[in-house]
Amino acid sequence: MTSDAQEEPLRPVATPPAPPPKPKLSAREQRRRRRRSRHRGEEILGWILVPVILFGIYWGVTAGLEAMGTSPGVVWDQLMQVKAALEKKM
């Protein structure tokens with residue numbers, strides 16, 4: 001059984017050659033990439049924040065009207081009555 005064992009010294013494993021370094025980007029290209037990523041981030045943030053802001057405005061108006069003892073539907077009906085009265089006058 002010992003005759004099967006390799007007694008010779010181990011040979012070093014050849015390492016694959018390192019890939020050539022990527023060419024360094026110019027300042028203009030770096031700026032272009034930063035701008036592109038910033039625009040992408042602003043788009044994502046906009047798609048999240050705009051609905052949140054709109055919902056917050058709606059909730060605030062509804063809560064304010066409810067605190068005064070009315071609702072948006074009642075206010076809308078009253079505005080339509082005023083409009084109809086002004087149209088009759090003219």
Side-chain angles (χ1 to χ4, degrees):
M1 290 295 252
T2 57
S3 63
D4 294 337
Q6 295 181 355
E7 296 294 329
E8 60 192 45
L10 296 174
R11 284 181 248 125
V13 177
T15 58
K22 292 183 180 179
K24 189 174 180 183
L25 297 176
S26 66
R28 184 174 298 199
E29 182 61 28
Q30 287 176 347
R31 187 171 50 245
R32 192 173 294 132
R33 285 189 181 186
R34 282 194 310 266
R35 188 179 305 130
R36 204 176 310 138
S37 69
R38 186 177 63 243
H39 282 247
R40 194 175 300 128
E42 289 172 356
E43 280 289 323
I44 292 169
L45 198 59
W47 278 100
I48 294 170
L49 287 181
V50 168
V52 169
I53 290 169
L54 292 176
F55 177 74
I57 290 171
Y58 170 77
W59 180 81
V61 167
T62 305
L65 289 174
E66 210 169 289
M68 291 188 280
T70 186
S71 69
V74 173
V75 172
W76 184 258
D77 290 340
Q78 290 173 350
L79 287 174
M80 291 299 112
Q81 288 177 358
V82 169
K83 179 184 169 194
L86 287 175
E87 287 176 352
K88 280 184 181 180
K89 218 177 213 184
M90 292 183 165

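The shown structure was predicted, so the numbers you read here are calculated from the model rather than taken from an experiment.
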Distance-minimising heavy-atom pair for S71 and L65: C-CD1, 4.1 Å
Value rounded to 0.5 Å, distance of NZ in K83 from CG in L79: 10.5 Å
What is the minimum heavy-atom distance between G46 and P51, and which atoms define it? O-CD, 4.0 Å
Starting at CG of L54, measure out to CG of L49 and round the result to the nearest 0.5 Å. 10.5 Å
Does atom CD of E66 have more than 12 heavy-atom neighbours from other groups under 6.0 Å away? no
Salt bridge flag under 4.0 Å for residues E43 and R40: no
Which value, rounded to the nearest 0.5 Å, describes the distance between E42 atom CD and S37 atom OG? 9.5 Å
CZ on R33 to CZ on R28, rounded to 0.5 Å: 15.0 Å
What distance do L25 atom CG and R32 atom CZ have between them, rounded to the nearest 0.5 Å? 10.5 Å
About how many Å separate OG1 of T70 and CG of D77, when rounded to the nearest 0.5 Å? 9.5 Å
Honestly curious: do V75 and M68 fall in one hydrophobic cluster under the side-chain, below-4.5 Å linking rule? yes
